[in-house]
Amino acid sequence: MSISILTDRISIETKNTLYVMQMLDGVLPIHLYYGKKISEDQLPAIAIDKPRSFSPYFKINGKKYSFDNLKQEISFYGYGDFRATALRVLDITSGSDVTNYKFNRANSFSGRKEILGLPYSEGKCETLELVYEDEVTQSELYLYYTVFFDTDVIARYFVLKNNGNKELKILKAMSLSLDLPDGEYDLISLRGKYNYERTAHRDPIYGGNHRIMSRRGSSSHHFNPFFMVVDRNADEETGDAYAFNFVYSGSFLDEIELGQDGLRIMTGLGDECFSYLLKQGESFSSPEAVMTYSEKGIGQASRNMHNFVRSSILPDSRDKKRPIVLNSWEAVYFDIDQQVMLDFAEEAAKTGIDTFVMDDGWFGARRNDKAGLGDWTPTPELFPEGLAKFVEKVHSKGINFGIWIEPEMVNPDSDLYRAHPEWVLRDGGREPLLSRNQLVLDMANPEVVEYLKKSLDKCFDGIDINYFKWDMNRNMSNAISPYLPVERKGETQYRYMLGVYDLFRWFKKRFPDAMLENCSGGGGRYDLGMMKYSTQIWTSDNTEAKYRVHIQHGSSYGYPMSTMSCHVSNCHGQCEDERMLDYCFRVAINGPLGYEFNILKVEPKVKDIISKQIEEYRSYEKLILNGDFYRLKNPTVDGCYAYYITNSDQTEILIAYLQNNSDPSETEHILKIFSAKAELNYRNTVTNEILSGAALRAGIKVKADTAERYGITWHFVAE
Ligand code: DGJ
């Protein structure tokens, strides 16, 4: 059992970590410790003998207990804890937003409970349930810790039940809260913008309150919910590293506050884009947040997350080989023509590409981004014999077929909008703002979700589609659901996500054999909520390999390579230059490989190169999908990105060195492959050269090139 409940102590153990809370006087669970495994006598003491002025205390226990300076498992607004707190609940009748949830009982069980309507982690696990009650509001708080022993991950969420006769409104909801001791910490966050999402930044955590958040109705290109808090001296291989993420795809808040008594770390829905009315008898479930710890540095914390995402979040696709697609977008954009598409499919099949994906522009009046979105009917002029017949013809070329959809959005110039202008997010009297000429459908309205189910069902019924690319191309403004009653308008964004997840679940049941790739203008919803339903995610619309390395490097902190869909494109003339084509490919094998250019316009030799690339990629695809990933060089700091991947017994190793800057001084980089087994001999599968594990551990020397775009990879197998 990884959970132990004693009268004065509750502890959670995972393979390599320990989490302990102490029961003060048997009634107040206080956070004591989270970190590497230590013995009982090494656990810190709670400093209850040091009362502080200005810290409110309970009459009954005297000055020694104050919510202001005890470490909490969860904290409540307005009752003596002056730090950022996790839960703020308004009693609408009295106008008070003060609560004091008192601990009532703890129990544990194997497995976990379902979080209704929301995505959550699954697999072999145990759950700790703490139950609290607030006497005045007569509400009950259920705090859940789901423990994934093997991957060193603890997942947290809460359920709030209104048992009384008052109406309550949740004003702030944080799913995970962790109080760490005072110390010198750095924050690693994944920030960016459209086309440059998830660049890794490391900043010192200074005193005060730091908020990483999205108010966009999506997890966003700009601030990803994943972050790490690491010891100031931690590096890839050593030091304390804590990593956090949120299993949710909408607006979020990661809040980190360094104050007089240490560091409070929280992740949740926050307090800006969310409120929730709880009527008598109703309950609310927060989305789940997850955390891990490693004493072996930032790299191991990433690998913990990778293992967890692969085993507990992603659809069961671990060992399945992935499609290698040719996508039509960068080749023709909206200019879809049936014969050209068939020619693409035919040429692609000859190279070993196994799936042709027809992107945007195949339905309704969608000849550009100004019209047709929302009308899920194949355009008759483009497909006179219908979509089914066209797909049959694609298959007859010996290739699978994939198609693009964007169900959550609508162009005002569409039949759907003309029929239902009330089905988009809009506030009262104002015209909703456009973005990419589109409006956001009110997914908080079940009627809209049901309509989409019917419409997609009808469109793809009986058609053998092997792959869907589910896109979402704008953020929410005027984020008010016309459907929800006035007192529930603050629930719009949360209920929007419930609607989206409902549609995803339906879609996966309806088209069980098709693989789903997620996309939001590239990686605008690159999060654990989307990963629950999508095998992989289009990492970024930026396919320029030189810039892409930053995005892939940043993404690797929290997300496994198997999620990172990577295409070789012609955006910088790569297909006209063999060396660039090779560089682009070396960059793209950081995740499931694909291609995206006009295959009818390239020289025959390019197709020969692609065939060889595919053969090479397939020879080590399993490593990319399942291997242990080690970062070696950071493109922002080192002018190059380097990493290696090994299988679990270190008998196979893939190493990549990818330059993103020209280096006139031709710096010599040493890539140390720490996980190579010193006693083994490894054969380079291209040159057949043998290198000992000891030599790999000492490092491969690589000289930087004067060209900006230069990359080299090595694939070794143990003899
Ligand atoms: C944004 C995506 O990221 C692109 O790959 C493409 O699918 C377009 N949308 C289509 O509108």
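One-based numbering, in listed order, for ligands and for the atoms of each. Residue numbers run from 1 in the order of the sequence given.
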Original post:
Polar-atom distance check: Gly522 versus ligand 1, any N or O pair below 3.5 Å?
Top reply: yes
**OP:** Looking only at distances, please establish whether an N/O atom of ligand 1 is found under 3.5 Å from an N/O atom of Asp359.
**Re:** yes
Against heavy atoms of [X], which atoms of ligand 1 measure under 4.0 Å?
X	value
Gly521	1 (C), 3 (O)
Lys469	4 (C), 5 (O), 6 (C), 7 (O)
Cys519	2 (C), 3 (O)
Trp538	3 (O), 5 (O)

**OP:** Apply side-chain contact (heavy atoms from CB on, under 4.5 Å) to Ser611 and list each qualifying residue two or more places apart in sequence or on a separate chain.
**Re:** Thr351
Original post:
Which part of Asp369 is near ligand 1, with near meaning a heavy atom under 4.0 Å away: side chain, backbone, both or neither?
Top reply: neither
So which protein heavy atom does [atom] come closest to, and at what separation?
atom	result
atom 9 (N) of ligand 1	Asp471 OD2, 2.7 Å
atom 11 (O) of ligand 1	Asp360 OD2, 2.6 Å
atom 4 (C) of ligand 1	Asp541 OD1, 3.5 Å

What pairs of donor and acceptor atoms, side-chain ones from residues 445-452 against any protein atom, are under 3.5 angstrom apart with sequence neighbours left out?
from	atom 1	to	atom 2	distance (Å)
Asn445	OD1	Glu447	N	2.9
Glu450	OE2	Lys453	NZ	3.0

Subject >> Heavy atoms from other residues, nucleotides or ligands near CD of Glu578 exceed 12 (cutoff 6.0 Å) >> reply: no
Can you confirm if the aromatic rings of [Y] and [X] lie within a centre distance of less than 6.0 Å?
X	Y	value
Tyr526	Tyr559	yes
Phe390	Phe401	yes
Tyr533	Tyr501	yes
Phe597	Trp329	no

Original post:
Does ligand 1 have an atom under 4.0 Å from some heavy atom of Glu330?
Top reply: no
Subject >> 4.0 Å heavy-atom contact, Arg436 with ligand 1 >> reply: yes
Subject >> Which atom of Ile353 lies closest to which atom of Ile399, heavy atoms considered >> reply: O-CD1, 3.6 Å
